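The structure displayed is predicted, hence computed values, not measured ones. When a residue number appears, it is its place in the shown sequence, counting from 1. Quick note: numbers below take in every heavy atom, side chains included, and nothing from hydrogens, waters or symmetry partners.
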Amino acid sequence: MLRSFIIFSLFLHSCVAAPQTPTAAAAVPAKKWLTLNGQEPGVVARGGFSGLFPESSASANAFAISTSSPGLTMLCNLQMTKDGVGICLPDIRLDNSTTISTLFPKAQKTYKVNGQDLKGWFALDYSADTIFSNVSLVQNIFSRPSIFDGQMPISAVEDVLGTKPPKFCAAEYLKSLRFRGITFISSPEIAFLKSIGMDAGMSKTKLIFEFKDPEAIEPTTNKKYSELLLDLAAIKAFASGVLVPKDYIWPLDSANYLKPASTFVSDAHKAGLEVYASGFSNDLRTSFNYSYDPSAEYLQFVDNGQFSVDGFITDFPPTASQAISCLSHQQGNLPKANHALVITHNGASGDYPGCTDLAYQKAVDDGADVIDCSVQMSKDGIAFCHDSADLTASTTAMTTFMARATSVPEIQPTNGIFSFDLTWAEIQSLKPQILSPFLAKGGFQRNPSNKNAGKFMTLADFLEFSKEKAVTGVLINIEANTTFQKYTFQDNFTDDGLFCLQNAAYLASKKGLGIVDTVQSAITKSTLDKQLTQKVLIQSDDSSVLSSFAAVPPYTRVLTIDKEIGDAPKPSIDEIKKHAEAVNLKRSSLVTTSKNFATGKTNVVEEMHKGNVSVYVSVLRNEYLSIAFDYFSDPTVEIATFIAGNSVDGVVTEFPVTATRYLRSPCSDLNKEQPYAILPVEAGALLSVAAKEAQPPASAPNPPLDARDVIDPPLPPIANIVSANASGEAPGHSGTIATTADLGLSWLAVLVLGLLFAAG
């Protein structure tokens, strides 16, 4: 019984073609594609927008159409009910994608399917009336929103057709529809495709043969799918295209990096077959080569200079749409379509250990406008670039200098190995260590093959590098206050503020190190203060630090506001303008979130702009765990929301290539008439689709910025402290808590942290 049912378990597609105006069509020059017919690759939405909504629900279908490029194809995995009605569900079993198990808890059955026992609730055991009247859909991937579960009915094939696309794709049931509007039918079974070949051909419906796992058996020929790969000409006899898992085309090695591409696409094209690749999703881990940017993966398949697939099967159709229509064929150093600056956070620290020569070089190669250096001080007074005064997480200091660990509450609440307790020679002996902020939370490593690559740079070398590479500008970060507050080590990585920060006041009063004077001297020696071609941004969370640079007009001073704010009253802006020309704000000060949904937009940017204060937003990361559902688990959409939707003047990111790729795209210019654009998200729109009772409770609004929060006391004078002895041990200081005794459980926590980052 199930053998014949499996024959009908095929893909049903509907193609949505939006009209183009002559002006829009002419606005974008035609691109040359290496597809079989030279046309733009197609986008196939698996179950509509199944990355957000339950698969093939009405909302999934409607949202896919409204957010994707013209020519979208919608895919329905066709299942059959007991009375022969076609429904769209991801599997022959209902339990993982519907509420069936709670309605009929004792109705589980076991069938033998292709030689294997499958247990569950099967569609063919229920009439269409029972399913449509009682059963509703749920999200079948647990990392996706569950807020829509139990609210949306199962879609019949006719329901998907009811979206009124001009074309549709899907045999006795299919023949009963007479293939009307059906564009594609795909199946992994040769006999089935051959059985409908004549009828499909008369209706101009394309047949697509689906390859399963290479070791799986195709039931008609009883051969492995890997064997069928060897005779693509035979497949051309009954199909016009093939559908394959993406690893058939770009295989991965055991370390999750790309291997050389196979010849599958070129072989299929030589045989006259179109190639559709499946398995694309924004919220599943894939090759490290893509740096957690889903657009980069799509581009690897269509814009590699060797070949292009003819289409994608994806759970996130807008991302595939923008990769094809907006981000492909960006040859050379294209001009940006928006004035917003791309500012790095420790260089390209998503790809290499932060603040290393390799991270800065990657940032330059990626087109960053401004590269940053968070200045730290060594024991012997050398200024260098590093995210934190504590070296435990981002270097191998724990393996070498564990005995030098100290407790310095003025800097952070946990013990650490601090840069100001080590000489520059000792720091140079350490290896950098890439920070993977979502390693503990989700197991997301960053570029493990280069986790210890690169060398740290002194501030002087960083400035010289910036001049040599002719970057648009440099940002020198001098922190006077810690952002630890109530956050733990791991929590602070997922927070938008900067990590463990150096305390300028502590260095001056307790260590005799004048970080402000050192930075001023280094910039003067570099002559960057005597030219206007490269921007110099001085950033700090301390107004007194910024006031120290007021005498140099070319500098742009940036005030970091680490707290979440929901409003910027005029008195607070007037106070900011006494010390800074720009602010660096947390993402949540611009767009508020709750349970990973964007809930509202503040007016902070508009208020700052009215006061002639520029706004930068930080920190943007590519890992989908840091991105609200509203942004489609897509860092490009988040960037578009802050730049096009909030009009920020710059984005601070650990993956500058993602931001520059967006800004160089014509789709980032919303004033330009074109067939597709990368639109900013309207906060709260996605949440409003869910039933009111399913929505998370409203959060308290962020407090307004108080003018008193902007004002800081003057920095203390630099203490006259005797230099460290030759052994490298720090001298004792009156009133300073710095001891290696009684580290106890807190040092154990640091040890565990270091091991976690060593693994990343």
From [atom1] ([X]) to [atom2] ([Y]), nearest 0.5 Å:
X: Glu638; Y: Asp630; atom1: CD; atom2: CG; result: 10.5 Å
X: Ser589; Y: Arg587; atom1: OG; atom2: CZ; result: 11.0 Å
X: Asn622; Y: Ile627; atom1: CG; atom2: CD1; result: 6.5 Å
X: Leu358; Y: Met457; atom1: CG; atom2: CE; result: 10.0 Å
X: Tyr360; Y: Cys385; atom1: OH; atom2: SG; result: 4.0 Å
X: Ser618; Y: Glu654; atom1: OG; atom2: CD; result: 9.5 Å

So which heavy atom on [X] is nearest to which on [Y], and how close?
X: Ile324; Y: Gly42; result: CD1-O, 4.4 Å
X: Ile434; Y: Gly350; result: CD1-O, 4.2 Å
X: Ala337; Y: Ser668; result: CB-OG, 3.3 Å
X: Asp529; Y: Thr524; result: OD2-OG1, 3.4 Å
X: Leu391; Y: Ile427; result: CD1-CG1, 4.2 Å
X: Thr653; Y: Ala659; result: CG2-CB, 4.5 Å

Using atom types as modelled and distance alone, determine if a side-chain donor or acceptor of [X] lies under 3.5 Å from a backbone N or O of [Y].
X: Gln330; Y: Arg661; answer: yes
X: Asn646; Y: Thr641; answer: yes
X: Asn450; Y: Ala453; answer: no
X: Arg621; Y: Pro437; answer: no
X: Gln674; Y: Asp669; answer: yes
X: Ser321; Y: Ser68; answer: no
X: Ser436; Y: Arg446; answer: yes
X: Gln531; Y: Thr533; answer: yes
X: Asp357; Y: Gly454; answer: no
X: Lys525; Y: Ala460; answer: no

task = Inspect cysteines Cys373 and Cys355 and report if their side-chain SG atoms are under 2.5 angstrom from one another.
result = no

Contact between [X] and [Y] at the side-chain level, heavy atoms closer than 4.5 Å - yes or no?
X: Tyr662; Y: Gln322; value: no
X: Val375; Y: Ile515; value: yes
X: Ser419; Y: Phe384; value: yes
X: Pro680; Y: Leu670; value: yes
X: Leu459; Y: Ile476; value: yes
X: Gln361; Y: Phe465; value: yes
X: Ile371; Y: Ser466; value: yes
X: Met608; Y: Val583; value: yes

key: Parallel, tilted or perpendicular: rings of Trp33 and His329 (30°, 60°)   = perpendicular

request  = Classify the angle between the aromatic ring planes of Phe642 and Tyr631 as parallel (below 30°), tilted (30 to 60°) or perpendicular (above 60°).
outcome  = tilted

Residue among Phe307, Tyr290, Phe280 satisfying ring-ring contact (aromatic ring centres under 6.0 Å, His included) with Phe301 = Phe280

Within the 6.0 Å centroid threshold, strictly below: Phe655 and Tyr292 = no

Side-chain donor-acceptor pair under 3.5 Å between [X] and [Y], yes or no?
X: Asp293; Y: Tyr298; value: no
X: Ser374; Y: Glu479; value: no
X: Thr660; Y: Asp366; value: no
X: Tyr257; Y: Ser449; value: yes
X: Thr319; Y: Asp634; value: yes
X: Ser633; Y: Asp283; value: no
X: Lys467; Y: Thr527; value: yes
X: Gln539; Y: Asp372; value: no
X: Thr560; Y: Asn584; value: no
X: Gln428; Y: Lys455; value: no

ask   = For Lys601, which residues count as a salt bridge (Lys or Arg N to Asp or Glu O under 4.0 Å) partner, sequence neighbours excluded?
value = Glu606

key: Heavy-atom neighbours of Asn612 CG exceed 12 at 6.0 Å   = no

Ring pair (Phe, Tyr, Trp, His ring centres under 6.0 Å) assessment of Phe49 paired with Phe316 = CA-CA 6 Å; Phe49 203 147; Phe316 292 83; 5.7 Å; yes

task = Let me see the working for Val651 and Ile643 under side chain to side chain contact (heavy atoms under 4.5 Å, CB included), right down to the final yes or no.
result = CA-CA 8 Å; Val651 291; Ile643 292 178; 3.9 Å; yes

inquiry  = Using the rule given for side chain to side chain contact (heavy atoms under 4.5 Å, CB included), can you reason through Tyr624 versus Ser143, listing the C-alpha separation, both sets of side-chain angles and the distance that settles it, and then say yes or no?
reply    = CA-CA 10 Å; Tyr624 79 86; Ser143 62; 3.9 Å; yes

query = Given the rule in the side chain to side chain contact (heavy atoms under 4.5 Å, CB included) test, do Thr286 and Lys246 qualify, once you have shown the distances and angles that lead to the verdict?
reply = CA-CA 11 Å; Thr286 182; Lys246 59 186 180 182; 3.9 Å; yes

request  = Show the numbers, then the answer: is there a side chain to side chain contact (heavy atoms under 4.5 Å, CB included) between Val471 and Val370?
outcome  = CA-CA 7 Å; Val471 293; Val370 178; over 6 Å; no

